[in-house]
Protein chains: 2
Amino acid sequence: MKTRDKILLSSLELFNERGERNITTNHIAAHLAISPGNLYYHFRNKSDIIYEIFLEYEKLVDFYLDIPEDRPITLEDLTFYLESVFDGLWSYRFFHRDLEYLLDSDRRLRQDYREFTNRCLAAISRIFEKLADAGIIQPQPDELRSAMSLNVWLVITNWMAFLKTAHALEESTSLTLKELKQGIYQVLTLEIPYLTADYRERVMALREKYRPSLPESADASDGASGKDEKLRNF
Amino acid sequence: MKTRDKILLSSLELFNERGERNITTNHIAAHLAISPGNLYYHFRNKSDIIYEIFLEYEKLVDFYLDIPEDRPITLEDLTFYLESVFDGLWSYRFFHRDLEYLLDSDRRLRQDYREFTNRCLAAISRIFEKLADAGIIQPQPDELRSAMSLNVWLVITNWMAFLKTAHALEESTSLTLKELKQGIYQVLTLEIPYLTADYRERVMALREKYRPSLPESADASDGASGKDEKLRNF
DNA sequence: GACTCACTAGAGTATATACTCTAATAATAG
DNA sequence: CTATTATTAGAGTATATACTCTAGTGAGTC
């Protein structure tokens with residue numbers, strides 16, 4: 001593997017594990033057992049490394065969120081989108097952690113990320129539209145769909161920070177992909193009221209698969225029986 | 001004013017404006033025209049300053065989110081809670097920006113913040129309960145209410161980051177409290193499907209007050225007529 | 001007037017950080 | 001084989017950062 005690619009790979013790994021703020025270019029070089037000079041031969045600066053990693057991330061998510069326009073959407077599609085988005089979030093998890101700082105220090109990144117967000121929002125909105133076309137959720141007026149899509153985005157992008165800052169995670173305990181994917185439970189919670197009668201059961205069952213195992217909120221006290229109870233009000 | 005308090009005030013101000021990561025203890029001292037030594041006489045280190053600021057923040061939010069248990073809740077109460085929470089978020093906005101790093105570097109803060117989050121989640125959940133008692137929203141099973149409360153929290157705490165990273169905000173343009181409060185629109189969006197017939201109109205009118213003025217998502221194209229249209233599907 | 005004590009100045013320091021420079025070595029093209 | 005180019009090592013550097021240390025000052029107290 002090319003040194004350049006090794007640098008990108010190691011950087012991503014170290015950033016994810018210890019946070020971009022805690023990883024210097026010297027750390028990266030040391031981790032690869034190459035010299036700082038070598039690293040700076042391949043990249044002008046640290047920002048450049050981060051920018052390239054972002055491009056990979058962007059490419060991945062854009063690939064996942066390519067909505068087929070020639071056929072209706074299925075529940076399997078929805079599952080795929082959700083799983084994929086959280087996979088992506090996991091693989092590049094350092095990125096959202098220091099997002100604001102990163103965007104402040106790199107103009108290109110700032111601009112690109114803005115467009116990226118808009119594409120994601122548009123994709124989410126399109127998914128809602130197609131879910132309605134497929135009779136999985138009720139159709140929503142444009143304005144509501146936009147606001148809903150934005151809420152989905154906010155929940156998705158903040159779920160990891162919530163886990164890391166508020167959840168059981170004592171020192172030493174580190175986040176797992178499985179825990180991260182419980183975010184899908186939260187996203188599906190947003191959709192519950194809009195489900196059609198035809199699909200309600202199936203989506204609720206899907207959601208159940210991602211239910212967090214640990215109690216996660218101060219007043220979630222039962223946790224055992226809920227499975228039949230939770231449909232009560234629909 | 002005591003030097004100690006001036007340090008806290010200036011720190012908060014500088015952190016909010018330029019980000020904790022970009023502000024050193026020397027910056028703070030220089031801004032106050034005092035010596036670094038003086039600053040370190042009053043605080044052991046930078047973490048201590050941040051911790052004290054957090055304690056103020058915590059106190060403020062705890063004060064705002066004190067739910068009265070001796071009377072039913074009103075729509076005015078709800079408005080107050082929402083406005084207050086966003087006011088608090090605004091006044092201590094640096095905090096959520098570098099949250100993960102801050103918690104990683106200070107054990108006390110980590111622990112305290114976890115409890116703080118849980119109190120907030122419990123308060124949100126309690127508000128939902130009382131909204132149902134008051135006939136403003138339909139009652140929800142515990143499990144759904146918890147998940148909903150968590151989504152509300154995720155939307156609230158991520159809204160600012162969204163504005164800063166994805167919104168119009170070019171360089172130079174800086175965030176305003178007014179824009180921040182448009183997050184209330186997003187929070188109320190979450191509650192729409194649960195509103196009772198009695199209150200739907202009133203809550204929708206309230207929500208309308210916080211509607212963002214700018215188009216905020218890729219597919220929100222109309223923006224002019226929506227006011228009558230948006231109730232179509234309810 | 002001696003003493004205490006909260007408070008302050010300002011120089012200084014150890015370390016980290018991002019990055020540069022020079023020189024050397026491998027790889028490749030003609 | 002030679003010339004060029006790509007790659008690497010490793011020492012070095014300017015600056016920043018968080019923090020320490022010493023030497024006070026000034027207001028009150030007995």
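Letters A, B, ... mirror the listed sequences (proteins, then strands); counts begin at 1.
- Atom CD1 in A:Ile34 sits about 9 Å away from atom C1' in D:dT8, given to the nearest Å.
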Side chain to side chain contact (heavy atoms under 4.5 Å, CB included) between A:Asp62 and A:Asp66: does it pass, once the steps are laid out?
-> CA-CA 6 Å; A:Asp62 279 342; A:Asp66 179 41; over 6 Å; no

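- Within 4.0 Å of A:Ala33, counting heavy atoms only, lie sugar-phosphate atoms of the nucleic acid but no base atom.
- For A:Asn38, whose side chain is taken as the heavy atoms from C-beta onward, the closest listed nucleotide among D:dT8, C:dT20, C:dC7 is D:dT8.
- Nearest to the side-chain atoms of A:His42 among the listed nucleotides D:dT7, C:dC7, D:dA9 stands D:dT7.
- Residues satisfying the side-chain hydrogen bond (donor to acceptor under 3.5 Å, both in side chains) test with A:Asp87, not counting sequence neighbours, are A:Lys181.
- The side chain of A:Lys2 contributes no N or O atom lying less than 4.0 Å from OP1 or OP2 of D:dA6.
- Residues satisfying the side chain to side chain contact (heavy atoms under 4.5 Å, CB included) criterion with B:Asp104, sequence neighbours excluded, are A:Arg97, B:Arg110.
- Here the nucleotide nearest the side chain of B:Thr3, chosen from C:dT20, D:dA6, C:dT8, is C:dT8.
- Regarding contacts with the backbone of D:dT7, a side-chain N or O of A:Tyr41 is found under 4.0 angstrom from either OP1 or OP2.
- Between B:Arg4 and B:Glu52 there is a salt bridge, since a side-chain N of the basic residue sits under 4.0 Å from a carboxylate O of the acidic one.
- Applying the ring pair (Phe, Tyr, Trp, His ring centres under 6.0 Å) test to residues at least two apart or on different chains, the pairs with a partner in residues 13-53 of chain A are A:Phe15-A:Phe94.
- For B:Ile7 and C:dT8, the CD1 to C1' distance is 11 Å, given to the nearest whole Å.
- Every residue meeting the side chain to side chain contact (heavy atoms under 4.5 Å, CB included) condition with B:Thr157, not counting sequence neighbours, appears here in chain and number order: A:Asn158, B:His96, B:Trp153.
- As a whole-Å value, the separation of B:Leu32 CG from C:dT8 P is 10 Å.
- Shown here are the ring pair (Phe, Tyr, Trp, His ring centres under 6.0 Å) partners of B:Phe54, two or more places apart in sequence or in another chain: B:Phe95, B:Phe116.
- Residues passing the side chain to side chain contact (heavy atoms under 4.5 Å, CB included) test with B:Ser84 are B:Tyr64, B:Phe80, sequence neighbours excluded.
- Of the candidates C:dC7, C:dT8, D:dT20, C:dT8 carries the atom nearest the B:Ser35 side chain, counting heavy atoms from C-beta on.
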Identify the pairs formed between an N or O of the protein and an N or O of nucleotides 15-18 of chain D at a distance under 3.5 Å, and give each distance.
residue: D:dA18; atom: OP1; partner: B:Lys46; partner atom: NZ; Å: 3.3
residue: D:dA18; atom: OP2; partner: B:Thr25; partner atom: N; Å: 3.4

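- Direction of the helix axis in the helix from C:dG1-D:dC30 to C:dG30-D:dC1 shifts by 10° between the two five-pair termini, rounded to 10°.
- Looking at residues two or more places apart in sequence or on another chain, you find a ring pair (Phe, Tyr, Trp, His ring centres under 6.0 Å) between B:Tyr92 and B:Tyr57.
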